[in-house]
Structures are given as C-alpha cells and as structure tokens.
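Computed from a predicted model, the values in this text were never measured in an experiment.
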Amino acid sequence: MPILNEISTELNRMYKLLNMHFYNGEIENVILHLQTNGKEGKIMGWCTDRKIWKDHSCAEYYRELTICPEYLHCGILEVYDTLLHEMAHLYNMQKGIKDVSRGRSYHNKHFKAAAEAHGLITTHDSKYG
C-alpha cells in the first residue's frame with residue numbers, strides 16, 4: 001500500500017503547514033487517519049472530541065482527525081478545506097468552546113468565528129448551520 005503511505009505523509013505535512021500558517025502552531029498534534037465514512041452523505045472528514053489514541057512510549061493521548069479517502073478525487077482544495085474545517089473544531093475544543101449541537105451536525109456561531117478567523121469562508125446552511 002505505498003500510495004496510502006504517500007497520501008498519509010502528505011496529509012500530515014499539510015496539517016503541519018496549515019497549523020503553522022493559520023494557527024501559529026497552536027493546535028495540538030493529532031493522529032491523522034484515512035477511513036471511509038461508510039455513508040452516502042458528503043462527510044469528508046471529522047475529528048474526535050476525546051483523545052483516543054495512546055502513545056505507549058510516553059503515555060500521551062491524541063485526538064484523531066479523519067479524512068475520508070473516497071473524496072480525495074475531489075481535489076486538493078477540498079482536502080485543504082476539510083482539514084481547515086476540522087482544525088477549527090480542534091481549536092475550539094482546545095479552548096473549551098462548544099461549536100456544534102444536534103449530534104455534532106449543526107455548526108454554531110463559535111464554529112463560524114473560529115473558521116473565518118483561520119482561513120475559511122463560511123456560508124449558512126439550514127441543515128448544518
């Protein structure tokens with residue numbers, strides 16, 4: 001699976017670059033994961049609200065940020081936007097700010113503020129906020 005290793009390497013590199021550029025390196029390290037969403041909906045990625053990955057060498061825990069590989073064909077800008085979207089959630093989690101409701105599907109004004117302050121342009125959607 002060399003192609004998956006290459007994709008994973010590039011996603012991690014992109015995450016680090018976006019973190020430095022838009023967040024001054026403030027967002028914690030995550031485990032970046034490729035996994036299908038298993039649904040027909042357009043869920044391109046997500047991040048966990050808890051630190052679920054344990055590094056046994058140092059007993060540290062990390063959140064997971066997942067990118068759905070079935071959408072990689074949409075292009076680099078969609079991947080970029082998905083990473084920035086999830087990074088806005090991570091930023092808010094680190095600050096203790098609740099930015100979603102309705103089973104984590106509705107994005108509120110706190111998500112909008114963090115996303116727009118860090119490089120994303122948002123629009124209102126009646127279903128997702």
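- Using cut-offs of 30° and 60° for the angle between ring planes, the F111 and H107 rings count as perpendicular.
- Cluster annotation: I121 and I76 are assigned to distinct hydrophobic clusters (Ile/Leu/Val/Met/Phe/Trp/Tyr, side-chain heavy-atom contacts under 4.5 Å, transitive).
- Side-chain atoms of Y61 and W53, non-hydrogen and from C-beta on, never get closer than 4.5 Å to each other.
- Side-chain contact between C47 and L90: present, with at least one pair of heavy atoms (C-beta onward) separated by less than 4.5 Å.
- The OG1 atom of T82 lies 11.5 Å from the CD1 atom of I43; values are rounded to the nearest 0.5 Å.
- One finds the NZ atom of K51 at 5.5 Å from the CZ atom of R63 (value rounded to the nearest 0.5 Å).
- Remark: Y15 OH to I67 CD1 distance equals 11.0 Å, nearest 0.5 Å.
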- Could you go through the side-chain contact (heavy atoms from CB on, under 4.5 Å) check for L17 and R13 one step at a time? CA-CA 6 Å; L17 289 170; R13 189 176 70 79; 3.3 Å; yes

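- Salt bridge status for E60 with K54: absent, with no side-chain N to carboxylate O gap under 4.0 Å.
- Side chain of Q94 to backbone of E28: a donor-acceptor contact under 3.5 angstrom is found.
- Nearest heavy atom pair, residue A88 against residue D99, reads O-OD2, 4.1 Å.
- A donor-acceptor contact shorter than 3.5 Å is absent between the side chain of N108 and the backbone of S101.
- Between T66 and L34, every side-chain heavy-atom pair lies at or beyond the 4.5 Å cut-off.
- Between S8 and L11, every side-chain heavy-atom pair lies at or beyond the 4.5 Å cut-off.
- Here the side chains of Y80 and L18 are in contact, with some heavy-atom distance below 4.5 Å.
- Going from atom CE of M93 over to atom OH of Y91 covers 13.5 Å, rounded to the nearest 0.5 Å.
- No side-chain heavy atom of L65 sits less than 4.5 Å from a side-chain heavy atom of I31.
- Without hydrogens or angle criteria, H118 side chain to A114 main chain gives a donor-acceptor distance under 3.5 Å.
- At distances below 3.5 Å, at least one donor-acceptor pair connects side-chain atoms of N19 with backbone N or O atoms of I27.
- To the nearest 0.5 Å, atoms NZ (K109) and CD (E116) are separated by 14.0 Å.
- Taking all atoms of both residues into account, the shortest heavy-atom contact from Q35 to H33 is OE1-NE2, 3.1 Å.
- Hydrophobic clustering (side-chain heavy atoms under 4.5 Å, transitive across Ile, Leu, Val, Met, Phe, Trp, Tyr) keeps Y62 apart from L83.
- With contacts defined as side-chain heavy-atom distances shorter than 4.5 Å, the pair D81/H85 does not qualify.
- Using a 4.5 Å heavy-atom cutoff, the side chains of V30 and T48 are not in contact.
- You'll find the ring centres of H89 and H110 outside the 6.0 Å limit.
- To the nearest 0.5 Å, atom NZ of residue K112 and atom CG of residue L120 are 11.0 Å apart.
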